[in-house]
Amino acid sequence: MTDHADPSPVVSLEGVSQRYITDSGDVVHALAETDLQIPEGQFVCVVGPSGCGKTTLLKIIAGFLDPTGGTARYRGEQITKPGAERGVVFQQPNLYPWYSVRDNVALGMRMHGVGTKERSAKAQRYLELVGLADFGDAKPYELSGGMQQRAQIARVLANETSVILMDEPFGALDAITRARLQADLLHIQRAENRTVFFITHDVDEAVFLGDRVVVMSSRPGRVVLDQDVELSAKAGRMLGEEMRRLPDFIELRERIAAAIEH
Ligand code: ADP
Ligand code: MG
């Protein structure tokens, strides 16, 4: 035994595969047997062309979908349903229109019996983190799409789940909002040691955010590259534009883009 044995993974996929049956009875082999271990506190980005099974993988980890083969585990326990320890951020904001932004953010905490005072303090803290400190009393329709997406992210963060599963969460945002949210998310993830599974089709975003980038290819979906991201500028990640000009950033981005094309 070593003094510092590897911590057991937070998420573990063992030969997980998925076949869908369409309404017309055809079988779609969406995901080939996949093994993936995600350690605590890792930021994993998943990239690949549309239809390669990224969302399928996320749904399996979230517990929305029972894989047709293999086993998915959360801290060693088989995943059979959604759990409060795995928060999901969808591509589109999904706020309740009749609640204020603050109440939307506090909703999960309310459902878990967190007291009023703690709830509103935490909601405010996460609204501040995503830059919506002054919008707690607003209704979702009063916010722009980017702000609504921030509110959705605040809600998932406020639930303080150890795992955050994100399905192209910034895909519909303008470039400036996206860059701001990327930096915010990295900051929060580092400060609070969250484990993040982040789907994107943007290679630049994947290299910028990920400690690791998993590249998938389609028919059936499978992992074709599992790449650690160890950039010399890791400590200075928040300096987005500077980091993106580093030769090792550019080289990694090219290696990943090449894996996607093959
Ligand atoms: P991605 O998120 O990478 O775009 P998905 O995981 O959504 O890919 O889908 C992978 C493949 O499985 C696609 O070919 C898609 O059409 C198919 N698929 C996804 N969900 C279903 C379903 N419920 N029934 C049949 N086919 C599906
Ligand atoms: Mg998808």
Side-chain angles (χ1 to χ4, degrees), residues 11-38 42-74 79-83 86-94 145-146 148-149 152-153 156 161 163-173 178 181-182 185 195-210 212-227 229 253 255-262:
V11 172
S12 170
L13 306 179
E14 296 152 19
V16 164
S17 64
Q18 181 65 34
R19 285 183 162 80
Y20 292 108
I21 313 238
T22 65
D23 293 340
S24 52
D26 297 326
V27 175
V28 179
H29 193 181
L31 194 62
E33 287 184 10
T34 301
D35 297 303
L36 193 69
Q37 256 79 45
I38 307 177
Q42 191 172 58
F43 198 126
V44 183
C45 288
V46 180
V47 289
S50 136
C52 71
K54 303 182 295 295
T55 296
T56 298
L57 207 50
L58 180 138
K59 284 180 179 168
I60 290 167
I61 299 170
F64 299 147
L65 182 68
D66 189 17
T68 49
T71 307
R73 297 179 192 279
Y74 171 76
I79 295 168
T80 55
K81 55 181 192 300
R86 282 163 283 136
V88 182
V89 176
F90 299 96
Q91 191 162 6
Q92 298 298 329
N94 60 348
Q148 291 180 30
Q149 189 63 337
Q152 182 192 190
I153 290 165
V156 172
T161 61
V163 177
I164 305 172
L165 307 168
M166 308 180 91
D167 197 348
E168 305 194 27
F170 306 150
L173 304 180
R178 169 188 276 232
L181 274 185
Q182 287 172 342
L185 177 64
T195 305
V196 179
F197 180 92
F198 186 103
I199 297 173
T200 176
H201 55 247
D202 182 338
V203 176
D204 185 272
E205 182 171 68
V207 178
F208 179 65
L209 290 175
R212 175 184 180 189
V213 178
V214 171
V215 179
M216 294 178 64
S217 82
S218 38
R219 276 181 218 96
R222 62 191 193 283
V223 175
V224 292
L225 180 70
D226 189 342
Q227 175 74 50
V229 179
R253 202 174 54 198
R255 189 183 310 166
I256 289 162
I260 293 172
E261 272 155 33
H262 280 120

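Quantities reported herein were computed from a predicted structural model and do not represent experimental measurements. Atoms within a ligand are numbered from 1 in the order they appear, just like the ligands themselves.
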Do any nitrogen or oxygen atoms of [X] lie less than 3.5 angstrom from nitrogen or oxygen atoms of ligand 1?
X     : answer
Cys52 : yes
Thr55 : yes
Thr22 : no

Check Thr55, Leu31, Asp66 against Ile60 for a side-chain contact (heavy atoms from CB on, under 4.5 Å) and give me the one that passes.
-> Leu31
Tested for side-chain contact (heavy atoms from CB on, under 4.5 Å) against Leu13, the lone hit among Ile38, Val223, Leu36, Thr71 is Leu36
Could you tell me if [Y] and [X] have a donor-acceptor pair between their side chains, going purely by distance under 3.5 Å?
X      : Y      : answer
Thr200 : Glu205 : yes
Thr34  : Arg222 : no
Thr195 : Gln42  : no

In the protein, which heavy atom is nearest to [atom], and how far is it?
atom                    : value
atom 14 (O) of ligand 1 : Gly51 O, 3.9 Å
atom 27 (C) of ligand 1 : Tyr20 CD1, 3.3 Å
atom 12 (O) of ligand 1 : Ala30 CB, 3.4 Å

Above 12 or not: heavy atoms from other molecules or residues under 6.0 Å from CD of Glu33?
-> no
Looking at ligand 1, does Gly53 have a heavy atom less than 4.0 Å from it?
-> yes
Residue Ser50 vicinity, atoms of ligand 1 by number, heavy atom under 4.0 Å = 4 (O)
Can you tell me if an N/O/S atom from Ser50 lies under 2.8 Å from the Mg ion (ligand 2)?
-> no
In terms of its nearest heavy atom to atom 5 (P) of ligand 1, the top option of Leu65, Ile21, Thr56, Leu58 is Thr56
Evaluate the side-chain proximity of Phe43 to Leu185: yes if any heavy-atom separation is below 4.5 Å, no if none is.
-> yes
How many angstroms lie between NZ in Lys54 and OG in Ser218, if you round to the nearest 0.5 Å?
-> 8.5 Å
Heavy-atom protein neighbour under 4.0 angstrom from atom 1 (P) of ligand 1 = yes
Return yes when at least one protein heavy atom is under 4.0 Å from atom 25 (C) of ligand 1, and no when none is.
-> yes
